[in-house]
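Every chain is numbered from 1 and lettered A, B, ... according to where its sequence line falls, protein lines coming before strand lines.
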There are 2 protein chains.
Amino acid sequence: MSKLIQEIDTTIIRAFRGKGYKATPQRIAISRFVLCNHNHPTVHKVYCEVRKAYPTVSLATVYKTIQILKEIGLVHELNLPRDQTRLDSNLNLHLNLVCLRCGSIKDHEDPMIEAIISRVSAAEQFAPREQRFDVYGICANCRGDVIL
Amino acid sequence: MSKLIQEIDTTIIRAFRGKGYKATPQRIAISRFVLCNHNHPTVHKVYCEVRKAYPTVSLATVYKTIQILKEIGLVHELNLPRDQTRLDSNLNLHLNLVCLRCGSIKDHEDPMIEAIISRVSAAEQFAPREQRFDVYGICANCRGDVIL
DNA sequence: ATGGGTGCAAAATCTTTGCACTCAG
DNA sequence: CTGAGTGCAAAGATTTTGCACCCAT
């Protein structure tokens, strides 16, 4: 096991225990996959991948673990239309460029996002806590491809 | 029936027929409610309200009609976490301030949104088509209320 | 050793679909 | 008239839950 994975595992174990949750091997395997994978996987994708290394995990455990990861703030959830929920382990303020053709999601950080949220919140007396900024369209790769 | 509703009905009928869909009384009733209601109702809310005026409409018809409204671009869909899909009939570029306490959603238009999307799209060679910008937090009203 | 966690299966939601009947154009 | 639309119920899809057994602490 690489040095990097060891570090991530340590982080995960600390995060769980710190909130009073047990650091079981299932939870570690699930969390490791979610936090290391920056392709915004679906819950089902996580389940399938984790099962390769850990054939007995159940979908219920995956859902429960992801619930905890959201609660302790290690992942966010993207609710896309015409698609399933996808997980986002980039905790920085960013927007998601969602390709309508290939389904890829690319993060893009931009200081203006912060600015806009501050401004609108001040204007509306709104106390912001989280945000989701998704732009749907066609990615550079798919634009290169052919027709339509 | 008021003058205003007549106008909206005319718009709806034209929109449906223009795309080759029949303008049935059910579709008109559903569309009228969705387009006139700016509280971002859930599908179920639409169903309940339309049923008051039209007791025989089925949930399936409501879903199918909303599907068409999305297709012809008269409504957008907000996919919120920990909540059901909600409908948005404000077609202008705006962000949604979603209150985590009372569930209200307030629109806010801001020219910076356009700017940021243009900039990021240019940088990433991305062709944007739609976007969703939701900020979760506590609204002015709920902040005024009591504790926590 | 013990209370929380796991895995399974069943339930709960939300949304879509198949089909016979109906009605808008 | 006639094909598209409706309403119902059944099927799908995703997520949650109840419960007996297990294991991390």
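Remark: C1' of C:dT6 and OH of A:Y54 are 10 Å apart, rounded to the nearest angstrom. As rounded to whole Å, 9 Å separates atom P of C:dG7 from atom OH of A:Y47.
Along DNA chain D, the stretch of nucleotides lying under 4.0 Å from any heavy atom of chain A spans, 5' to 3', D:dT14 to D:dT25.
For B:F133, the ring pair (Phe, Tyr, Trp, His ring centres under 6.0 Å) partners are A:F133, not counting sequence neighbours.
A 6.0 Å sphere centred on CD of B:Q125 holds no more than 12 heavy atoms belonging to other residues, nucleotides or ligands.
Linking Ile, Leu, Val, Met, Phe, Trp and Tyr whenever their side-chain heavy atoms come within less than 4.5 Å leaves B:I116 and A:Y136 in two separate clusters. Transitive grouping of hydrophobic side chains (ILVMFWY, heavy atoms separated by less than 4.5 Å) keeps A:L97 and A:I105 in distinct clusters. Both A:V120 and A:I113 sit in one connected hydrophobic cluster of ILVMFWY residues. Membership requires side-chain heavy atoms under 4.5 Å apart, directly or through other members.
Positionally, the nearest nucleotide of DNA chain C for A:I68 lies more toward the 5' end than for the other of A:A60 and A:I68. Annotation: of the two residues near DNA chain C, B:Q67 and A:T65, the 5′-most nearest-nucleotide partner is A:T65.
Interatomic distance, A:H40 NE2 to A:L78 CG, rounded to the nearest 0.5 Å: 5.5 Å.
Not a single donor-acceptor contact under 3.5 angstrom links the side-chain atoms of A:K64 to the base of C:dG4.
Between B:T85 and C:dT15, a side-chain N or O to OP1/OP2 separation shorter than 4.0 Å is present. Between B:Y63 and C:dT15 there is a side-chain N or O to OP1 or OP2 distance below 4.0 Å.
In the model, B:D107 has no side-chain atom that pairs as donor or acceptor with a side-chain atom of B:H38 under 3.5 Å.
Summarising the geometry of B:I138 relative to B:C99, their closest heavy-atom pair is CA-SG, 4.1 Å, with the distance given to 0.1 Å.
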Which protein N or O atoms sit under 3.5 Å from an N or O of nucleotides 22-25 of chain C?
from   : atom 1 : to    : atom 2 : distance (Å)
C:dG25 : OP1    : B:R17 : NE     : 2.8
C:dG25 : OP1    : B:R17 : NH2    : 2.9
C:dG25 : OP1    : B:A23 : N      : 3.3
C:dG25 : OP2    : B:R17 : NH2    : 3.0

